[in-house]
2 protein chains.
Amino acid sequence: MKHIAEPTVRRLTGYLRFLEAFDADGHETISSGELARAGGTTSAQVRKDLSFFGSFGKRGLGYGVKDLIASLREILGLDTRWPVVIVGAGKIGAALAQYRGFGTHGFDVVGIYDTDPARVGTHLSGVTVRADHDLEGDIAALAPRIAVLCVPGEAAQAALDRVVAAGIRAVLNFAPTSLVAPEGVTVRAVNMATELEVLAYALTNEARD
Amino acid sequence: MKHIAEPTVRRLTGYLRFLEAFDADGHETISSGELARAGGTTSAQVRKDLSFFGSFGKRGLGYGVKDLIASLREILGLDTRWPVVIVGAGKIGAALAQYRGFGTHGFDVVGIYDTDPARVGTHLSGVTVRADHDLEGDIAALAPRIAVLCVPGEAAQAALDRVVAAGIRAVLNFAPTSLVAPEGVTVRAVNMATELEVLAYALTNEARD
DNA sequence: AGTACCTTGTGAAGGATTTCACAAGTAGCC
DNA sequence: GGCTACTTGTGAAATCCTTCACAAGGTACT
């Protein structure tokens, strides 16, 4: 498969989310134009995005909602469940562990780790916080594919190095630090400070009229 | 000013964050190459990014760390403080209201709103949760420039419409829904589900070797 | 003052992504 | 069956973004 641009993948996830709601509303088919309006893009973009993976619609009719949902799930790799470990049981880590949307989207929290002895042993909706030195052994045993880093910025690079050494190849980083990862490891960052700063820039510089 | 690409702005925030740490370590100057390594890009990219806004370095020497921090703060609009309202005092909204990094990055939470009477009146590190019908009046009185939406997906579009009608032009959306906003309003989304799905895609399709 | 060595700033080239525009396919109706 | 109306899928064009490559400017040292 040719390499697909990240913005494309990101849009596909948006289409999927909208389609699920659209399906729940009882709609049978949808056109690229409707999908575009919901996803904040254009109909040509929608069709191009999908065309990288095949041909899913019927000319004159549009796309079958349920079919397209199934196709997108398969494309995105969501036709299977993904075990996830959370590193760091502070405010963010604890909130994530209890977030139910995790499970409903196909991701299972199989472990959460912290260095603070006061947190180890506490329960967060079904998962028990374990000591951080259990991390490597648990990764070997439970084979999670994704690690979510919820540690302070100073500790983030070290945490990344540990999970990568233990075999993890995909990381979601909540620490406000940019991390360097070896080839073959995908790291994505969720960073409120960055988003707020982009907004501040927009307000400062892109004032219209 | 010519329009600046969003990836550029995003990288600038990363440079700023790294420079602050680099400054705290006592460094006086930095080269585009060092900045590039920290930001996961190339030296040419760093120089090009900065060149859109002027010329900040000394040939042969690099950039003065403190000078560049000041320049970036000004470029990004962070040389002033930004009042922010949070809509929704559930788990995420409450966590954000208590998040201290908000303030240290130049953003002040001036109000937090919820529809649930059980939450109204509770205190979250210095800010009292107010009833959602106070939102419009408070926006008029306190003139926040940014709204952070922490409401459930179903309520997000309505919340956006309300803050936009009240005069807000920049919105950070934590709800897992893509929102449509009128021209001139910048909306950014923070969405863990999307990021996890991008990781699932990467693991599924971009396996190397 | 001259030489060696660095690093910036930037046009130009290259590559990637988005938009355009239209042929081709499908349904519905008379 | 023929006509109309609609929508997809996709090369080609246009736009946007990144990388290249090098002149120009600066320091340090002899």
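Lettering follows sequence order; numbering is per chain, from 1.
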- Item | Between Arg100(B) and Ser125(B): side-chain donor-acceptor atoms closer than 3.5 Å | no
- Task: Classify the side-chain pair Arg37(B)/Ser43(B) by whether it contains a donor and acceptor separated by less than 3.5 Å.
- Result: no
- Note on the structure: Taken to the nearest whole Å, NZ/Lys48(A) to P/dT17(C) is 12 Å
- Message: For Tyr201(A) and Phe53(B), take the angle between the two ring planes, folded into 0 to 90°, and tell me which bin it lands in: parallel under 30, tilted 30 to 60, perpendicular over 60.
- Response: perpendicular
- Under the side-chain hydrogen bond (donor to acceptor under 3.5 Å, both in side chains) test, which residues partner Glu6(A), sequence neighbours left out? Arg10(A), Arg188(A)
- For Phe56(A), which residues count as a ring-ring contact (aromatic ring centres under 6.0 Å, His included) partner, sequence neighbours excluded? none
- Mind listing the residues from residues 63-79 of chain A sitting with a heavy atom below 4.0 Å of DNA chain C? Number order is fine. none
- What residues 19-44 of chain B contributes to the DNA chain C interface at heavy-atom separation below 4.0 Å is Ser31(B), Ser32(B)
- Query: Going 5' to 3' along DNA chain D, which nucleotides are the first and last within contact of chain A (any atom under 4.0 Å from a heavy atom)?
  - Reply: dC6(D) to dA12(D)
- Item | Member of Lys66(B), Arg73(B), Arg17(B) meeting the salt bridge (Lys or Arg N to Asp or Glu O under 4.0 Å) criterion with Asp23(B) | Lys66(B)
- Query: So does Arg59(A) reach the base of dT26(C) with its side chain, donor to acceptor, closer than 3.5 Å?
  - Reply: no
- Note on the structure: In short, Leu76(A) meets Leu16(A) closest at the heavy-atom pair CD1-CD2, 4.0 Å
Let me check something: any side-chain donor-acceptor pairs from residues 137-159 of chain B under 3.5 Å, sequence neighbours excluded? List them with distances.
unit_1, atom_1, unit_2, atom_2, d
Asp138(B), OD1, Arg130(B), NH2, 3.1
Asp138(B), OD2, Tyr113(B), OH, 2.5
Asp138(B), OD2, Arg130(B), NE, 2.6
Asp138(B), OD2, Arg130(B), NH2, 3.4
Gln157(B), OE1, Val180(B), N, 3.1
Gln157(B), NE2, Asp161(B), OD1, 3.1
Gln157(B), NE2, Val180(B), O, 2.9

